[in-house]
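Here is the structure we will look at.
None of these values were measured; they are calculated from a predicted model.
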Amino acid sequence: MTSILPLTESDRDDWLALWAAYLEFYESEIPSEQTALTFARIVDERHPIQGAIARDAAGRAVGIVHWFTHPTTWSDGPYVYLEDLYVVPDVRGGGVGRRLIGTVTDWARDAGASKVYWLTQSHNATARVLYDKVAADTGFVHYEVDLA
């Protein structure tokens, strides 16, 4: 059975491996200082970014998810943005991704949020099979202005 638990300092090495694989999947690189800051934020109970790690029955880390809330002009309650979701390839399709999303949606309900949402690349077909089962495709197209 897979367990899903909040990320803690003791998960650092496992998280780093999953985070690196996630960045590689998206063909992205970020400075090591940003990676360290990201993990520090996630495990800091005072910071709004939340995170969880999935471990299989043997204790192997097989997935991560990160999320945060933000106010919105369209609802009384906040929205929850599921920013990062990654499951190791050899367990994809086995329910880990669904359970990680469920962890976020359960947390969001408990926090009084109105909505959970996320983005993915249009060609991420494997993930989209799951996403189409657990959420509605809004049809929105994502744009951004890089200020760096």
Side-chain angles (χ1 to χ4, degrees), residues 2 4-8 11-56 61-148:
T2 302
I4 311 239
L5 299 166
L7 277 162
T8 66
D11 296 312
R12 177 185 300 272
D13 290 344
D14 290 333
W15 178 87
L16 278 170
L18 293 168
W19 179 246
Y22 173 72
L23 293 174
E24 182 179 328
F25 175 82
Y26 278 111
E27 300 175 353
S28 298
E29 292 181 26
I30 61 173
S32 59
E33 297 83 10
Q34 181 60 51
T35 289
L37 178 61
T38 296
F39 187 76
R41 286 174 171 169
I42 293 167
V43 298
D44 182 348
E45 293 179 5
R46 299 165 301 183
H47 199 278
I49 297 176
Q50 307 290 317
I53 190 165
R55 293 186 179 279
D56 66 14
V62 295
I64 53 172
V65 65
H66 309 136
W67 69 93
F68 59 88
T69 62
H70 64 84
T72 177
T73 59
W74 288 44
S75 172
D76 183 41
Y79 287 175
V80 172
Y81 178 52
L82 189 161
E83 187 166 28
D84 308 305
L85 175 67
Y86 181 76
V87 174
V88 296
D90 66 300
V91 301
R92 289 181 188 156
V96 174
R98 180 184 294 266
R99 291 203 47 223
L100 286 166
I101 293 169
T103 295
V104 177
T105 57
D106 289 347
W107 184 94
R109 274 190 202 91
D110 291 346
S114 301
K115 178 189 296 189
V116 174
Y117 71 103
W118 60 91
L119 306 170
T120 196
Q121 291 178 327
S122 60
H123 63 273
N124 190 355
T126 301
R128 292 186 69 190
V129 168
L130 169 61
Y131 300 163
D132 287 343
K133 291 177 184 173
V134 300
D137 180 346
T138 64
F140 278 85
V141 177
H142 175 80
Y143 292 89
E144 68 182 24
V145 175
D146 189 354
L147 301 176

Inset, instruction - Test Val88 against every option in Val96, Leu18, Asp56 by the side-chain contact (heavy atoms from CB on, under 4.5 Å) rule and name the one that passes. - result: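 Among Val96, Leu18, Asp56, the one that satisfies the side-chain contact (heavy atoms from CB on, under 4.5 Å) with Val88 is Leu18.
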
Inset, instruction - Show your reasoning for whether side-chain hydrogen bond (donor to acceptor under 3.5 Å, both in side chains) applies to Trp19 and His66. - result: CA-CA 11 Å; Trp19 179 246; His66 309 136; over 6 Å; no

Do you know the tightest heavy-atom contact between [X] and [Y]?
X     : Y      : value
Ala61 : Asp14  : CB-CB, 3.6 Å
Pro78 : Gly112 : CD-O, 3.6 Å
Val87 : Leu100 : CG2-CD1, 3.9 Å
Glu83 : Phe68  : OE1-CE2, 3.4 Å

Inset, instruction - Assess whether atom CD of Gln121 is packed by more than 12 heavy atoms of other residues, nucleotides or ligands within 6.0 Å. - result: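 Count over threshold, so yes.
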
Legend entry - More than 12 heavy atoms of other groups within 6.0 Å of Asp132 CG: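 Counting neighbours around CG of Asp132, more than 12 heavy atoms of other residues, nucleotides or ligands fall under 6.0 Å, so yes.
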
Contact between [X] and [Y] at the side-chain level, heavy atoms closer than 4.5 Å - yes or no?
X      : Y      : answer
Leu23  : Ile30  : yes
Arg92  : Leu130 : no
Phe39  : Leu16  : no
Ile101 : Val65  : no

Legend entry - Stepwise side-chain contact (heavy atoms from CB on, under 4.5 Å) test for Gln50 and Val104: CA-CA 9 Å; Gln50 307 290 317; Val104 177; over 6 Å; no

Measure the [atom1]-[atom2] distance between [X] and [Y] for me, rounded to the nearest 0.5 Å.
X      : Y      : atom1 : atom2 : value
Ile64  : Trp15  : CD1   : CH2   : 6.5 Å
Thr2   : Arg55  : OG1   : CZ    : 11.5 Å
Leu119 : Asn124 : CG    : CG    : 12.0 Å
Thr38  : Gln34  : OG1   : CD    : 4.0 Å
Ile4   : Thr103 : CD1   : OG1   : 4.5 Å
Arg12  : Ile53  : CZ    : CD1   : 12.5 Å

Legend entry - Residues Arg41, Asp44: salt bridge by 4.0 Å N-O rule: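 Not counted as a salt bridge, because no side-chain N and carboxylate O are separated by less than 4.0 Å.
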
Legend entry - The single option from Tyr81, Trp107, Tyr117, Trp118 passing ring pair (Phe, Tyr, Trp, His ring centres under 6.0 Å) against Trp67: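 Of Tyr81, Trp107, Tyr117, Trp118, ring pair (Phe, Tyr, Trp, His ring centres under 6.0 Å) with Trp67 is met by Trp107 alone.
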
